[in-house]
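Quick notes on the structure that follows.
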Amino acid sequence: MIRDSLASAVRDALVALAVDPLPERIDLERPGRREHGDWSTNVALATAKRAGRNPRELASELVEHLNVNRPSHVERVEIAGPGFVNFHLAPTWLHDVLTDVVTSGVDGYARSDEGAGRTVNVEFVSANPTGPVHAGHARGAAYGDSVARLLERCGYAVTREFYINDRGVQMQNFGASLAARKRGEEPPEDGYHGQYISDWAAEMPDDADPVAWGEDRALQDQREALAAFGVNFDVWYRELSLVDSGAIEETLAELRSKGYVFESDGATWLRSTDFGDDKDRVLVKSDGELTYLTPDIAYHRDKFSRAERLINVWGADHHGYVPRMKAAMAALGHDSGELEVTIVQLVELLKDGQPVRISKRSGNLIELRDIIDEVGADAARLTYLLQSVDSRQTVDLAVVASAGMDNPVYYVQMAHARIHGIARRAVEAGFERVALDQCDLSLLTHERELEVLRSLSELPDTVRSACADRAPHRVTT
RNA sequence: GCCCUCGUAGCUCAGUCGGAUAGAGCGUCCGCCUCCUAAGCGGAAGGCCACAGGUUCGAUUCCUGUCGGGGGCACCA
């Protein structure tokens with residue numbers, strides 16, 4: 001809105017000043033310092049060189065022209081620094097922002113349609129179906145869901161997907177552990193030893209298949225815990241369904257027909273080094289068993305048949321796995337970039353100031369459910385989203401649960417309470433709320449009022465960039 | 001050893017396509033309760049952007065190297 005009108009005014013000025021070539025884009029940004037005005041452009045710096053002009057002179061001519069032909073709301077235009085052009089605006093431009101916010105509403109403001117309905121599949125959490133969702137999954141859950149929400153806000157058609165690794169030796173260990181507890185015995189050495197195994201075994205009917213029953217039990221538990229966390233998946237995709245549908249064989253056949261598969265040492269290999277991987281990878285082991293990779297390739301192939309773009313949210317311990325999956329997708333003919341993998345760094349959980357060691361073997365783990373019980377789903381989610389997933393995060397549960405100013409969650413809650421307090425007072429005092437177009441917006445001149453409006457004016461850009469960079473922490477900070 | 005990632009205020013962290021005097025919260029210090037939540041508000045101090053080079057009008061940002069933290073390097077999943 002205001003940005004467009006300023007940009008077109010700048011463009012007109014450049015034309016009037018016979019600048020050639022004209023820049024393909026005119027950037028208008030909000031200066032960090034108030035004295036640099038409300039909006040600023042570096043266009044003189046950016047175009048002077050190619051147009052054979054002196055930046056400072058060009059800027060000064062621009063300023064002169066713009067002060068004569070002032071766009072609406074503009075009070076004055078100034079030159080600053082090496083050639084920045086700064087616009088100082090009347091508060092009325094922020095009043096327009098308020099009108100825009102109110103008419104667009106909660107669901108309409110800061111929404112964009114740049115996704116244009118393109119399909120994106122966001123896969124996250126994907127915990128093994130051998131136990132509850134635990135603290136190690138929580139950050140990825142909050143992040144993945146928030147990225148999905150941002151994408152939806154920007155007009156993409158999003159599928160939230162959970163991949164279930166229900167094939168392989170871990171499931172057998174899990175089933176054996178349940179069966180052992182059911183018989184009143186200790187689980188096998190390489191089995192699962194958590195308390196939940198005993199609890200679930202007690203629920204298990206005598207005639208149930210421990211593996212199949214256990215998977216359903218685990219998934220039910222995961223689904224409930226994630227829902228309580230505000231995370232709901234559209235698709236729960238079972239690895240076993242790839243076996244049933246023949247997708248794995250199809251995938252192997254396609255890779256083979258494209259010439260990227262070879263036999264060596266009795267095993268079947270993917271020549272992933274053709275696509276940037278640092279070594280070739282085994283698809284079928286010499287004993288005839290599939291590696292973990294092979295069904296996973298088939299799974300991603302299937303996802304590509306359902307969405308134009310894939311986003312995977314993986315834990316830091318999987319980052320070495322990224323090049324081979326990208327290589328496999330390239331072998332199947334997909335452009336790099338159509339598969340994005342976001343690596344979420346680990347969270348160190350502090351309880352009573354001490355790091356909590358999580359061990360799945362011994363069953364010493366903090367469940368997602370425990371965190372929700374302790375601090376609440378909203379507080380936990382916001383805490384995870386306050387920081388870029390690129391860096392390791394330390395979460396102190398005592399702080400998240402605390403009612404003090406060192407807890408940002410609490411700060412937000414208090415602001416919310418206060419706003420409602422003001423509204424309540426207004427009602428008690430007999431004020432009646434009227435439509436915005438019956439209000440005298442020119443009364444909004446206090447610096448604090450303008451500050452709020454300025455923040456609101458930035459929200460659409462914030463959401464857009466948070467979406468484009470898959471960085472929900474831009475919205476929360 | 002190789003690869004990825006991070007290193008910014010006392011602490012926890014932002015910093016968008018390379019831009020102006022590097023920002024926020026907490027903590028610290030100073031001030032403020034006689035009606036909108038003191039569960040609060042206002043103000044101040046606080047920086048070798050890990051280090052060394054390079055690229056250019058300009059580098060916290062891009063490139064190379066060094067140091068330090070974390071992670072990964074299977075015919076495991």
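Per chain, numbering begins at 1; letters A, B, ... match sequence-line order.
- One can place CD of A/Q393 at 19 Å from P of B/rG25, the figure rounded to the nearest angstrom.
- In B/rC17 the base sits syn relative to the sugar, since the glycosidic angle is no further than 90° from 0.
- In this structure, CG in A/L242 is found 4.5 Å from OH in A/Y237, a value given to the nearest 0.5 Å.
- Heavy atoms only, all atoms of each residue included: A/R392 and A/Q345 are closest at N-CB, 3.7 Å.
- A salt bridge links A/R454 with A/E451: at least one charged nitrogen is closer than 4.0 Å to a carboxylate oxygen.
- The separation of B/rG7 from B/rC11, taken at their P atoms, amounts to 15 Å, rounded to a whole angstrom.
- When the side-chain nitrogen and oxygen atoms of A/K326 are compared with OP1 and OP2 of B/rC4, none of them lie within a distance under 4.0 Å.
- Nucleotide B/rC57 holds its P atom 18 Å from the CD atom of A/E57, rounded to whole Å.
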**OP:** Tell me, with the steps shown, if A/Y196 and A/D221 meet side-chain hydrogen bond (donor to acceptor under 3.5 Å, both in side chains).
**Re:** CA-CA 11 Å; A/Y196 70 90; A/D221 191 83; over 6 Å; no
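- A/R271 has no carboxylate O lying under 4.0 Å from a charged side-chain N of A/D277, or vice versa, which leaves the two without a salt bridge.
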**OP:** Spell out protein contact along nucleotides 60-74 of chain B as letters: B when the base is contacted, S when just the sugar-phosphate is, - when no protein heavy atom is under 4.0 Å; keep the 5' to 3' order.
**Re:** ----------SBSSS
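- The residue A/D265 sits close to a base: some heavy atom pair falls under 4.0 Å.
- Across the P atoms, B/rA59 and B/rG68 are found 28 Å apart, a figure rounded to whole Å.
- A/E451 has its CD atom 15 Å from the P atom of B/rC41, to the nearest Å.
- Using a cut-off of 4.0 Å between Lys/Arg side-chain N and Asp/Glu carboxylate O, A/E254 and A/R256 are scored as not salt-bridged.
- With rounding to whole Å, A/I343 atom CD1 is found 13 Å from B/rC4 atom P.
- Ring centroids of A/Y143 and A/Y384 are separated by 6.0 Å or more, keeping the two rings apart.
- The side chain of A/R56 places no N or O atom within less than 4.0 Å of a non-bridging phosphate oxygen (OP1 or OP2) of B/rG58.
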Subject >> Nucleotide-resolved protein contact map, nucleotides 14-20 of chain B, B/S/- at heavy-atom distance under 4.0 Å >> reply: SSSB-BB
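- Glycosidic conformation of B/rC33: syn, with the torsion inside 90° of 0.
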Original post:
Hey, mind stepping through A/Y192 and A/L178 against side-chain contact (heavy atoms from CB on, under 4.5 Å) and telling me if it holds?
Top reply: CA-CA 8 Å; A/Y192 292 79; A/L178 279 174; over 6 Å; no
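- In this structure, the CD1 atom of A/I422 is 11 Å from the P atom of B/rC36, given to the nearest Å.
- Using P as the reference atom, B/rU8 and B/rU60 are 15 Å apart when rounded to the nearest Å.
- Looking at every heavy atom in both residues, A/M171 comes nearest to A/P129 through SD-CG, 3.7 Å.
- Salt-bridge check for A/K303 with A/E161: failed, with every basic side-chain N at 4.0 Å or more from each acidic carboxylate O.
- For A/Q172 and B/rA77, the CD to C1' distance is 13 Å, given to the nearest whole Å.
- Nucleotides B/rU12 and B/rG46, compared at atom C1', are 16 Å apart to the nearest Å.
- For B/rC75, the base has no donor-acceptor partner in the side chain of A/T291 [N/O atoms by modelled type, under 3.5 angstrom].
- Across the C1' atoms, B/rC49 and B/rU21 are found 15 Å apart, a figure rounded to whole Å.
- When the P atom of B/rU37 is taken as reference, atom NE2 of A/H416 falls 14 Å away, rounded to whole Å.
- Taking atom C1' on both B/rG10 and B/rC29, the two are 13 Å apart, rounded to the nearest angstrom.
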Original post:
Would you write out the dot-bracket form of RNA chain B, 5' to 3', with Watson-Crick and G-U pairs under 3.5 Å, [ ] for crossing pairs, | for pairs to other strands and . for unpaired bases?
Top reply: (((((((..((((.....[...)))).(((((.......))))).....(((((..]....))))))))))))....
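- Contact check for A/L293 versus A/V282: no side-chain heavy atoms found under the 4.5 Å cut-off.
- Taking a cutoff of 4.0 Å between a charged side-chain nitrogen and a carboxylate oxygen, A/D38 and A/R30 do not qualify as a salt bridge.
- B/rA50 and B/rG40 have their P atoms separated by 34 Å, with the value rounded to a whole Å.
- Going from the C1' atom of B/rG47 to that of B/rC3 covers 33 Å, rounded to whole Å.
- Going from atom CG of A/L270 over to atom C1' of B/rC75 covers 14 Å, rounded to whole Å.
- Checked for salt-bridge contact, A/R381 and A/D378 miss the test: no charged N lies under 4.0 Å from a carboxylate O.
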